[in-house]
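Here's the structure, in structure tokens; my notes come after.
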Amino acid sequence: MPGIFDLLVTGCHLATMAGGPRCGELRDGAIAITGGRIAWVGPQRDLARDTRAVRTLDAAGGWITPGLIDCHTHLVYAGNRSSEFEARLSGESYASIARAGGGINATVGAVRQATTENLVAQSRPRLAAFAAEGVTTVEIKSGYGLDTANERKLLTAARSLAGECGVDVRTTLLAAHALPREFADRRAAYVDLACREMIPALAKERLADAVDAFCETIAFTPDETRRVFAAARSAGLAVKLHADQLSDTGGAALAAEFGALSADHLEYANDAGIAAMARAGTVAVLLPGAFYALRETRVPPIAAMRAHGVPMAVATDCNPGTSPVSSLLLMLNMASTLFGLTPAEALAGATCHAARALGLADRGALAAGMRADVVLWDIAEPAELSYRIGGNPCAGIVRDGAVVRWRSA
Ligand code: NIG
Ligand code: FE
């Protein structure tokens with residue numbers, strides 16, 4: 001063990017998520033951090049008597065997990081769609097609202113009116129809510145601009161929020177989210193614009209870490225999605241897919257065909273698609289908030305995912321239409337109550353598997369060498385993170401090795 005650590009946390013139990021049963025749990029442990037990385041994790045009794053640290057924090061018997069990771073959000077947007085919520089409650093469907101020009105295109109109208117500063121100001125409280133619950137990495141998609149300048153505005157707003165909040169933000173370009181109104185009846189021209197201009201330009205400006213598409217009857221066809229993915233590949237960007245949310249369009253298999261990092265939603269995914277995802281190493285991202293808000297009844301094929309060994313991530317899908325959610329902890333609960341995940345699976349879904357869904361190998365588990373994103377919880381067992389509905393047991397946060405807050409310290 002090295003001489004002096006930057007930070008030593010003692011008196012904790014750890015859900016390491018680094019393999020092994022029950023969240024890789026380690027009771028009566030300690031964790032040491034140096035240079036923004038985890039330097040050592042182990043039983044506290046194994047700490048050498050002369051171990052020293054610049055700063056030592058006592059966890060007072062709480063549980064430590066890796067920083068939570070929300071791997072699917074659309075949290076930068078303007079306005080809200082509560083009127084569509086009311087319309088759905090009186091019998092309209094998400095698809096009929098979208099076909100009538102509402103839905104995603106309603107938010108596109110609000111985003112195009114907003115300045116970058118407006119977007120940052122409206123989105124800041126949402127990101128702050130995530131951060132307060134121990135989320136240390138968030139993926140944010142564009143997709144409410146639907147032209148080059150407005151997609152750039154969304155991605156720029158996401159990057160600038162990251163700078164001010166300290167949460168690590170990964171950005172995803174979602175140009176193929178909906179057909180913008182000005183391209184109605186000119187589908188191919190819009191896909192051309194996305195492939196020939198938006199993806200290459202925004203990739204070159206390094207504003208996007210990945211490319212996503214909405215493959216659905218009310219959005220883009222599998223062939224259009226293939227074109228978008230080919231453009232992403234040429235621009236050197238990884239891909240992800242909104243797949244099989246409302247119908248089986250073969251989205252899971254399509255995502256696998258392109259070696260996607262993840263296929264998300266998947267309520268209607270078929271068994272062959274899940275098997276293809278397993279072979280390709282594509283993560284299934286489960287979004288129980290959208291399932292709940294749309295009052296869907298078709299549950300994603302969890303048993304097939306388990307049988308094929310597809311890693312399952314859990315995310316908020318934070319967006320103004322189908323998932324106005326800013327609590328990843330609530331999604332852990334819903335993943336268990338609505339989809340039947342065990343609490344350990346749900347926690348893996350917001351840590352190690354979420355990291356993989358973003359292609360990030362340096363986080364999501366507590367192990368030597370990993371990024372030092374560490375959260376302290378006032379809970380007696382890890383299962384409490386998905387058992388409780390509401391409330392926030394987060395008692396301390398260390399982000400990238402820096403103490404953001406810690407009980408009374
Ligand atoms: O993930 N499915 C497509 N996109 C979002 C919905 C966006 C919206 O309705 O504004 C989703 O559910
Ligand atoms: Fe989404």
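In listed order, ligands and their atoms are each counted from 1. Index from 1, following the sequence. Heavy atoms only: backbone and side chains are in, while hydrogens, waters and symmetry mates are out.
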Got a sec: does the CZ of Arg356 have more than 12 other heavy atoms crowding it under 6.0 Å?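 No, the 6.0 Å shell around CZ holds no more than 12 heavy atoms from other groups.
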
Any chance CZ of Arg27 has more than 12 other-residue heavy atoms, nucleotides or ligands included, within less than 6.0 Å?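 Atom CZ in Arg27 is crowded, with more than 12 foreign heavy atoms closer than 6.0 Å.
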
Decide, yes or no, whether a salt bridge links Arg407 with Asp58 under the criterion of side-chain N to carboxylate O below 4.0 Å.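 No.
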
Ion pair check, Arg227 and Asp192, cut-off under 4.0 Å: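 Judged by the 4.0 Å cut-off on N to carboxylate O distance, Arg227 and Asp192 do form a salt bridge.
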
By side-chain hydrogen bond (donor to acceptor under 3.5 Å, both in side chains) - contacts of Arg181 (at least two apart):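 Testing Arg181 for side-chain hydrogen bond (donor to acceptor under 3.5 Å, both in side chains), a comparison that skips the adjacent residues, returns none.
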
First-shell residues of ligand 1 [heavy atom, distance under 4.0 Å]: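 His72, His74, Arg81, Tyr94, Ile104, Tyr144, His177, Phe214, His242, Gln245, His265, Asp317, Asn319, Gly321, Thr322.
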
Please list all pairs passing the ring-ring contact (aromatic ring centres under 6.0 Å, His included) test where one or both residues lie in residues 81-136, with sequence neighbours left out.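 Listed by first then second residue: nothing to list.
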
Expected output: side-chain Asp209 to main-chain Thr172 donor-acceptor under 3.5 Å: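 Checked: no pair found.
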
Would you check if the side chain of Glu25 reaches a backbone N or O of Pro21 as a donor-acceptor pair within less than 3.5 Å?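 Such a contact is absent between Glu25 side chain and Pro21 backbone.
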
For the residue pair Val283 and Met277, establish whether any side-chain heavy-atom pair is separated by less than 4.5 Å.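 No, too far: nothing below the 4.5 Å cut-off.
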
At a cut-off of 2.8 Å, list the protein N/O/S atoms near the Fe ion (ligand 2), residue plus atom name.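 Per the 2.8 Å query on the Fe ion (ligand 2), atoms found are His72 NE2, His74 NE2, His242 NE2, Asp317 OD1.
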
